[in-house]
Amino acid sequence: MDYNFIEIEKKWQAYWAQHKTFKAEPDSSKPKYYVLDMFPYPSGAGLHVGHPLGYIASDIFSRYKRLKGFNVLHPMGYDAFGLPAEQYAIQTGQHPEKTTHQNVARYRQQLDRIGFSYDWDREFRTCDPEYYKWTQWAFLQMFGSWYDNSLQKARPIEDLVAAFEKGGSAAVDAANNDAPVFTAEEWKAFSEKEKSDVLMHYRIAYQGESTVNWCPALGTVLANDEVKDGYSERGGHPVFQKKMVQWQLRVSAYAGRLLEGLDRIDWTDSLKEMQKNWIGKSQGAEMVFKVRNGEQEYDMTIFTTRADTVYGVTFMVLAPESEWVPKLTSPEQKEAVDAYLDQVKKKTERERIAGKAVTGVFSGSYAVNPLTGESVPVWIAEYVLAGYGTGAIMAVPAHDSRDYAFARKFNLPIIPLIEGADVSEESYDAKEGIMTNSGFLNGMDVKEAIPAAIDYVEAHGIGRRKINYRIRDAIFSRQRYWGEPFPIYYKDGIATPVPEDKLPLTLPEIDEYKPTETGEPPLARAKDWTYEGYPLEKSTMPGFAGSSAYYLRYMDPRNDKALVSREADEYWRSVDLYIGGTEHATGHLIYSRFWNKFLYDLGYVCEDEPFRKLINQGMIQGRSNFVYRIVNTNTFVSAGLKDRYETTEIHVDINIVRNDRLDIEAFKAWRPEFATAEFILENGEYICGWAVEKMSKSMYNVVNPDQVCDNYGADTLRLYEMFLGPVEQSKPWDTKGIDGVNRFLRKVWRMFWDRDTFLVNDEAPTPEELKSLHKLIAKEQEDIEHFSYNTTVSAFMIAVSELQGCSKRAILEPLLILLSPFAPHIAEELWQQLGHAESITYASFPEYNPAYTAEDNVKYPVSFNGKTRFMVDLPKSMGPAEVEAAVRSHEMTAKYVGDMSIAKVIVVPGRIVNVVLKK
RNA sequence: GCCCUGGUGGUGAAAUGGUAGACACGAGGGACUUAAAAUCCCUUGGCCCGAAACGGCCGUGCGGGUUCGAUUCCCGCCCGGGGCACCA
């Protein structure tokens, strides 16, 4: 019998589906293990060979854990709301639901061919109403909650109302956005609308005005992580800053916990670092400066991390969008300020970043330095950001490079505060040196001066210690159709939740997916988009809404009473292993952690962090091939000779190239213009050039997993993707090595079959055979736990070549179990041929017995003055003195000693012998 | 600019501080075969000596250091990949 992978794979995929082999149910008799892949967005292009890399790794881990006796939850689904389907709908008029459905079907088909051990009964799409009901539900919970800073947790909004009734706004320390100040009496006197407006400043899901990333081309706002270098991540359209009222999530309230939680989870350093950067904690102080515009005087708060430099403040700067700008613009300067603001507003985000030109305008007002009493001018400049700190800064040009550039441009004074600092050419930003020109701080080192200055400021009521975070609240509305509708309607202008028992609030049908002529979101086109006669919210939720809690839903996907039942949540708890790309570091992985912590605060889930361990799989890049056409001809020259001619490099479809050799006939047939092509060959072959590039259609370098499954089988694909290198590493897809892996599987097959003879026998294994097997058991165990799959595959190859010719059941049975996580189809087939009625999934991982691999002898490397010269086999039981004696009398020793003499012999028992020679 | 990563043959890569290059591809040679496919065996980091050798020298981006011994640890650079970036 031959190794017919096509039939074997079909057979076992059907078997697993039919027997629900991978169905997971809570089972208190077994330890649980939850392995999750970042679910895909089903795009129209289908899967390429890079997508399954992480899926294969997680599948191997899942199958391994099952063999180890764990109850494994390994689900899959689709992140199905999003822009591409909607853009396609706008262009074609086709309902995004339809495209999404088709794409999902195609993804499922492709996934099924690779033989994943998913529990498909738990599959869902984020655009299913039964699913997004719970996205809407979570939103309503956030709408109905506020964040208590003193308890550091979210609480029901009713608690806040009760506190206001008792003590007004001063009664609580709550996260808020510029909430007004009021007494208990004032609160009681507020109208319903006024109360609602006040509460809106506290809700965790709130509506508020803020500067947002507005993308006119997409007709929607975007979250910070959806903008890259001033362009939209999807589509690459320019993005502008604009003030708008939007739904937002108070992620910033959780900044401290998001940061501190990183210490308790097993993620890579680089990913934690990215999140730390994104959260951007900085410790400093808020300080109050008196500011004066003519007769008007105000207290203006600024944030600084360098309170020690307050003696060097020579001017103040406001962000153009700051609320202080109108207050502090003097009548004489009004025209200049307006012109400046106008100019700033017209810039795209891109221009603002890229230009880095120093711009600004004087406001006409002055501020008083609270320590020196000196008066300094207040400027307006775009290098100060409205969204960070208070949107206003004290400028210390001597010790801040941005302030320095500004001072130079506008001729403002620069006062150095650190002894010996030369500020004639550039600012001295380093936090080291001895303070000078700084009153009571003089003589201190900067490191002492910072806390000393803050202490002073606090003692004199000028300011207080403050921690600022860079992370912003997440903009949560999109002016789009293909997303979750907000379960919010407007009753007399008050945002009111649709009752929970009316969820899901399903997307209405509309006839066109574009925004309306008046610029309203597409939902404005829906007939009767109202609730009990009141208008419903017309924007929809962003892409990350549906992916923020999907891992919880997998625990209990068909529950229509709760997002997840208490029992299911307490059994599965959180994701033990999460595999996905780094591109979600500052998006999904932040939002999910936030979302989970919120649900945790309200007692809906029992774990505070959703993903205990996270592995980032690398990207698989494409390996493109090129042909070289001699200019103005239809003649192509082989890569090795191309330098002799003037040529143009042309991408050639990698499907007509094998090992960089071009299939000339296929090339002629590829495109009509090449039909008459001529070739200059080397050694009778046309050698193509190559390059590693992103996998994309336009570079003709996309490798589709289906092709690989057709040619080599899913088991080979799985093994090969692992063999390619460490999972975390990015690498080009290169089919060169795939034959080796396929050869290995055929070798395994031949341990069982010689043509039509079934070879397996019941002979007792030899010590050597047991040693090979147990070395492999130990290696696989060790490697899988460390996600080092490539070395496991190598270990398999070594074991199989050592075991060549061995067809003993006692060896082959455990070998198949070891192989099954990697190459499950072939393992199942041979397992069945060994007479097992049940799937190999239910087998147990073989027990490692160190006795079989133990060596009686130790191989000592013998070094002379550090150069290892030879190895000597000595019994393990030998003591250091005996080892030394054996080495001294070894025949090779005399040769290396030569005319020198032995000064001493260093023996590290079990490790090394080093002979130190001297003249 | 700041932070994180990585740098080893023709290629993908492997090495608890202990014979660098396992394993695999590719390449070369051979066996089997009418032939091909498949399979199996040998060689394969560079240079040198040699009839041969378990012969010599060099070699893990570069320069230092620690050590009997460094791909591995420490310091200073160079280059690639990724992230953040007027964050006061």
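We name chains A, B, ... by the order of the sequence lines, and we start the count at 1 in each one.
Contact annotation for S270(A): backbone-only contact, meaning every heavy-atom pair under 4.0 Å involves sugar-phosphate atoms and none involves a base. Using a 4.0 Å heavy-atom criterion, one finds that P726(A) contacts the sugar-phosphate atoms exclusively. At the heavy-atom level, F870(A) lies nowhere under 4.0 Å from the strands shown.
With both ends at atom P, the span from rC32(B) to rC57(B) equals 42 Å, rounded to whole Å. For rG21(B) and rU44(B), the C1' atoms lie 12 Å apart once the distance is rounded to whole Å. The same atom, P, is picked in rU33(B) and in rG28(B); the two are 23 Å apart, to the nearest Å. Look at the C1' atom in both rG12(B) and rU8(B): the space between them is 12 Å, to the nearest Å. When the P atom is compared between rA35(B) and rA24(B), the two are found 28 Å apart, to the nearest whole Å. Comparing the same atom, P, in rG46(B) and in rA22(B) gives a spacing of 13 Å after rounding to whole Å. Here the separation of rC58(B) from rG64(B), taken at their P atoms, is 15 Å to the nearest Å. As rounded to the nearest Å, rC41(B) and rC23(B) have P atoms that lie 12 Å from one another.
Side-chain proximity of E273(A) to the nucleotides rC68(B), rC4(B), rA24(B) is greatest for rC4(B). Side-chain atoms of F303(A) lie closest to rA88(B) of the nucleotides rA88(B), rU11(B), rA24(B). Of the candidate nucleotides rC86(B), rA22(B), rA14(B), rA22(B) has the atom lying nearest to any side-chain atom of S794(A). The listed nucleotides are rG26(B), rU5(B), rA13(B); the one nearest the side chain of K731(A) is rA13(B). Among the nucleotides rA88(B), rC4(B), rG26(B), the one closest to the side chain of D739(A) is rG26(B). Distances from the side chain of N277(A) to the nucleotides rC84(B), rG18(B), rC23(B) place rC84(B) closest. Across rG18(B), rC40(B), rU39(B), the shortest atom-to-atom separation from the side chain of R743(A) is found for rU39(B). The side chain of I798(A) sits closest to rA22(B) out of rA22(B), rG26(B), rC68(B). The nucleotide whose nearest atom lies closest to any side-chain atom of Q804(A) is, among rG12(B), rC41(B), rG83(B), rC41(B). The N790(A) side chain lies nearest to rA14(B) when the options are rA88(B), rA14(B), rU5(B).
As the counterpart of rC73(B), rG65(B) is assigned, both hydrogen-bonding distances of the Watson-Crick or G-U wobble pattern falling under 3.5 Å. Here rA13(B) sits opposite no nucleotide as a Watson-Crick or G-U wobble pair (both hydrogen-bonding atom distances under 3.5 Å). Both distances falling under 3.5 Å, in either a Watson-Crick or a G-U wobble arrangement, place rG26(B) opposite rU44(B). Using Watson-Crick or G-U wobble geometry with both donor-acceptor distances under 3.5 Å, rG59(B) finds no partner in any strand shown. When Watson-Crick and G-U wobble pairs are counted only if both distances are under 3.5 Å, rC86(B) pairs with no nucleotide at all.
Both R746(A) and S730(A) lie near RNA chain B, and the one whose nearest nucleotide falls closer to the 5' end is S730(A).
Y388(A) is listed as a side-chain neighbour of F303(A), based on a closest heavy-atom distance under 4.5 Å. The closest side-chain heavy-atom distance from N277(A) to R470(A) is not below 4.5 Å.
Judged by the 6.0 Å and 45° rule, R593(A) forms no cation-pi pair with W278(A).
Using modelled atom types, one finds a donor on one side chain and an acceptor on the other under 3.5 Å when comparing S252(A) with D473(A).
The one candidate from W753(A), W749(A), Y712(A) that meets the ring-ring contact (aromatic ring centres under 6.0 Å, His included) condition with Y3(A) is W749(A).
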